[in-house]
Amino acid sequence: MDVTRIIELQRALLQAGGVWNDPEACRTLEDLLRTDRLYEVGPNDTADGIAVMSRSMGTGLADGIAATFHGYDTGGFSTFVDPYASFLHRVLRSAGAGAFHDGPLFDPAARENTEVHAKALNPNQIDRQMAASTPLSVGEGMLIAGYGHVDVPGEGSSEFKWLKLLEPAFTAGRKLRAELQRYKAEWVQAMDAMPVALLVFDAAGTLMHRNHCFDALAATQAGLEDCQTSAAQLVARVLPGSRRDQYMAEAPLNVVSLVSLPDCQVRLSAAQAPWPHGDPICLVSVEVISRGEHYVLTPRETEVAKLLAEGHQDKQIARDLDISLHTARRHVERVLSKTGCRNRTEAALKLRGLR
């Protein structure tokens, strides 16, 4: 095995998404352990259930394991409907991080009489296993290689030695994912506690979360759900590709836009925010700034309103639009009147982001 491929495999195991985000690394690991029955089990995102990941084994294995999973006890141990399965997980958790072969504990009769064998392992032709395992705050993270009775590598095999070599990288990466899951859960609670309506997008522009305040506002304001499309377009202006380096070097970029709904005006304000893994995310605040009030502006008045929002004076507006100073002043007066603004400063605040 090429040393470079081993290093790449260790790097993949260390990533927050694990080896499953890298198909080439998965194939390398399967070749190294000589199995196509490779999977990972561990707590789900909310730490109240079990999650199963695999490149090629389909949903049957995950469904079978989930059907036999009982929960986590007060000590953080995984429990199953079968005492034998609970016992094995208790032994692994108590042993700490490491690579384990099922040889010392393998009991064919006990294994084959369990529901997890009948519902998950046997349908996928898994009779024997070896695993890299690490205890988490609840449950265990386990990278498991499955085999039949005949093709299982021995405890002295090169396959098991490779697994032991890769276990520290798996353990470090799995603990990182557990910390990120905990961070995200706390972050969601913080977003939901904020008294501002928020939409949160990831670096790719995909909606990650809408907080309780936005849901409450959407329940009372018709058409507010449609703001999500406008917010996504706004995010594209804030996060045009990877901005991590720029974010770290400069202040967060802020972009504001006004959206007209059937009976109100909504201001969307978008800004970058740090995220512990990968590129920054984008927070979009949603604020209803007027109800039953519409700015019916002519195309020229809209152009003037945009320049007002940017803080331009009458002379600048006249020069930019190639009109006389008198005409510029007249348009400014009409914009102030139609928007109900008492002065230019108020108009600049109200009209920010007008498109």
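In what follows, every heavy atom counts, from backbone to side chain, and hydrogens, waters and symmetry copies are set aside.
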(message) For a quick check under 3.5 Å, do T4 and E8 share a side-chain donor-acceptor pair by atom type?
(response) no
Do L166 and F160 belong together in a cluster built from hydrophobic side chains that touch within less than 4.5 Å?
yes
- prompt: Can any side-chain N or O of D202 pair as donor or acceptor with the backbone N or O of M208 at less than 3.5 Å?
  reply: no
On a heavy-atom basis, the closest approach of P135 and A97 is CD-N, 3.6 Å
**OP:** Look only at the side chain of D22 and the backbone of A12, and say whether a donor-acceptor pair between them is shorter than 3.5 Å.
**Re:** no
| said: Between F77 and Y72, is there shared hydrophobic-cluster membership here, with clusters defined by ILVMFWY side-chain heavy atoms closer than 4.5 Å? | reply: no
E140 and P43 have their tightest heavy-atom pair at O-CD, 3.9 Å
### Query
Does V81 reach the side chain of T114, with side-chain heavy atoms less than 4.5 Å apart?
no
Answer yes or no: is there a donor N or O on one side and an acceptor on the other, between the side chain of D82 and the main chain of S86, under 3.5 Å?
-> no
I'd like to check D215 versus R210 (side-chain heavy atoms, cut-off strictly below 4.5 Å). Are they in contact? yes
So that I can tick it off, tell me whether D45 and K184 are bridged by a salt bridge, with the cut-off set at under 4.0 angstrom between side-chain N and carboxylate O.
no
Return yes if some donor-acceptor pair links the side-chain N/O of T35 with the main-chain N/O of G146 below 3.5 Å, else return no.
yes
*asked:* Quick check on the hydrophobic clustering: are L92 and F69 connected, directly or via other members, by side-chain heavy-atom contacts under 4.5 Å?
replied: yes
Count the heavy atoms belonging to other residues, nucleotides or ligands that lie under 6.0 Å from CD of Q316, then report whether that count exceeds 12.
yes
How about N113 and Y84: do any of their side-chain heavy atoms sit closer than 4.5 Å? no
Item to complete: Consider only side-chain heavy atoms of I, L, V, M, F, W and Y, link residues closer than 4.5 Å, and tell whether M130 and L9 are in one cluster.
Response: yes
message: In the structure I gave you, are the side-chain heavy atoms of Q272 and C282 within less than 4.5 Å of one another anywhere?
response: no
In this structure, OG of S78 is separated from CG of L88 (nearest 0.5 Å) by 11.5 Å
CD1 of I323 to CZ of R300, rounded to nearest 0.5 Å, is 5.5 Å
inquiry  = Could you tell me if the side chain of F214 sits less than 4.5 Å from the side chain of L199, heavy atoms only?
reply    = yes
Separation between CG (L308) and NE2 (H331), nearest 0.5 Å, reads 11.5 Å
ask   = Under 3.5 Å, side chain of N343 to main-chain N/O of T345, donor-acceptor pair present?
value = yes
NZ/NE/NH1/NH2 to OD/OE distance under 4.0 Å, R55 and E30: yes
So CZ of F170 and CD of E40: to nearest 0.5 Å the spacing works out to 4.5 Å
- Query: Can the ring centroids of F80 and H89 be said to lie less than 6.0 angstrom from one another?
  - Reply: yes
Original post:
Are the side chain of K119 and the backbone N or O of A66 linked by a donor-acceptor pair below 3.5 Å?
Top reply: no
* N/O donor-acceptor pair under 3.5 Å between D102 side chain and Q129 backbone -> yes
Is a side-chain N or O of S157 found less than 3.5 angstrom from the main chain of G154, in a donor-acceptor match?
yes
Legend entry - Donor-acceptor pair, side chain of D127 and main chain of Y147, under 3.5 angstrom: no
Of all heavy-atom pairs linking E167 and A99, the shortest is CG-N, 3.9 Å
Which of I65, L61, T59 passes side-chain contact (heavy atoms from CB on, under 4.5 Å) with D63? It is T59
Check: Under 6.0 Å between the ring centres of Y39 and W20?
Finding: no
Flag side-chain contact, heavy atom, 4.5 Å: E24 against T28: yes
### Task
Examine distances only and state if a side-chain atom of R344 and a backbone atom of H312 form a donor-acceptor pair shorter than 3.5 Å.
yes
*asked:* Taking R182 first and then E186, would you say they form a salt bridge - that is, a charged N and a carboxylate O separated by under 4.0 Å?
replied: yes
| message | Working note: T229 + Q233, criterion side chain to side chain donor-acceptor pair (under 3.5 Å); need CA distance, chi angles, decisive distance, verdict. | response | CA-CA 6 Å; T229 300; Q233 295 170 350; over 6 Å; no
Item to check | Validation row: V266, E287 side chains within 4.5 angstrom (heavy atoms) | outcome: no
Q.
Closer than 4.0 angstrom, basic N to acidic O: yes or no for K315 and D320?
A. no
Rounded to the nearest 0.5 Å, the CD atom of E303 sits from the NZ atom of K306 at a distance of 7.0 Å
Here the gap from L198 atom CG to H209 atom NE2, rounded to the nearest 0.5 Å, amounts to 8.5 Å
### Query
Less than 4.0 Å between a side-chain N and a carboxylate O, is that true for R330 and E333?
no
According to a hydrophobic-cluster definition based on side-chain heavy atoms being under 4.5 Å apart (Ile, Leu, Val, Met, Phe, Trp, Tyr only), do I6 and L14 belong together?
no
On a heavy-atom basis, the closest approach of S230 and L268 is CB-CD1, 3.8 Å
I'd like to check H101 versus L163 (side-chain heavy atoms, cut-off strictly below 4.5 Å). Are they in contact? no
